[in-house]
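Keep in mind that what you see is a predicted model, and the values were worked out from it rather than measured.
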Amino acid sequence: MNFNEKLINLRKSKGLSQEELGAELKVSRQTVSKWESCQSYPDFQRLVLLSDYFGLTLDELVKDIDVQEVRDKNISSEKINSIYNDVNTAKSFIKWYLIIAGAVGGIVLILLLYYLINVMFVW
């Protein structure tokens, strides 16, 4: 039995909803849902809390987990985080570029208006 199946069975055997289990572990319902749908796995601290909550050893809780699958998901998560950080850096760069370009454009416009007013009223 895979970890997600084991977690679903344990949760249901206690008559808990995902939200109730999440509240016990101080995580969101969505996090529990991701664990149960194999989209992510709990960190070590949450695994310990889960094993204590259900009265199991860590070995009993996580036995039969495909370690390579966990590694692959962690690598994917790291790649997503890296992409997210790159996007945020690009957004910051673009924001400052637009601020500086707007300031330079404003100064050029003011100088152009100053020049036009001097030309018109000096003659």
Any pair counted as side-chain hydrogen bond (donor to acceptor under 3.5 Å, both in side chains), so long as it reaches residues 45-62, sequence neighbours left out: Thr57-Glu60
Listed once per pair and sorted, the side-chain hydrogen bond (donor to acceptor under 3.5 Å, both in side chains) pairs that draw on residues 97-106, sequence neighbours left out: none
Residues that Thr89 engages under side-chain hydrogen bond (donor to acceptor under 3.5 Å, both in side chains), provided they are two or more places apart: none
Residues that Tyr114 engages under side-chain hydrogen bond (donor to acceptor under 3.5 Å, both in side chains), provided they are two or more places apart: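 Scan of Tyr114 (side-chain hydrogen bond (donor to acceptor under 3.5 Å, both in side chains), adjacent residues dropped) gives Asn118.
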Gap between atom CG of Leu58 and atom CG of Leu47 - 0.5 Å precision: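 CG of Leu58 is found 6.5 Å from CG of Leu47.
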Gap between atom NZ of Lys6 and atom CG of Leu56 - 0.5 Å precision: 8.0 Å
Joint hydrophobic cluster, Phe3 plus Phe44, side-chain heavy atoms closer than 4.5 Å: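 Phe3 clusters together with Phe44.
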Linked, directly or transitively: Leu21 and Ile8 (ILVMFWY side chains, under 4.5 Å):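 No, separate clusters.
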Does the side chain of [Y] come within less than 4.5 Å of [X]'s, by heavy atoms?
{"X": "Asn2", "Y": "Cys38", "result": "no"}
{"X": "Tyr41", "Y": "Val62", "result": "no"}
{"X": "Leu61", "Y": "Leu10", "result": "yes"}

With sequence neighbours left out, write down each residue that passes side-chain contact (heavy atoms from CB on, under 4.5 Å) with [X], or none if nothing qualifies.
{"X": "Gln30", "result": "Ser28"}
{"X": "Asn9", "result": "Met1"}
{"X": "Lys26", "result": "none"}
{"X": "Val108", "result": "Val104"}

More than 12 heavy atoms from other groups under 6.0 Å of CD on Glu19: no
For Ile99, the rest of its hydrophobic cluster, which grows through side-chain links under 4.5 angstrom: Trp96
Co-members of Ile80 in a cluster of I, L, V, M, F, W and Y side chains, linked at under 4.5 Å: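 Members alongside Ile80: none; it stands by itself.
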Check: Ser33 side chain, Arg29 main-chain N or O, donor-acceptor pair, under 3.5 Å: no
Salt bridge (Lys or Arg N to Asp or Glu O under 4.0 Å) contacts touching residues 85-97 (sequence neighbours left out):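 Residue pairs passing salt bridge (Lys or Arg N to Asp or Glu O under 4.0 Å), neighbours aside: none found.
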Pairs satisfying salt bridge (Lys or Arg N to Asp or Glu O under 4.0 Å), at least one member in residues 31-45, at least two apart: Arg11-Glu36
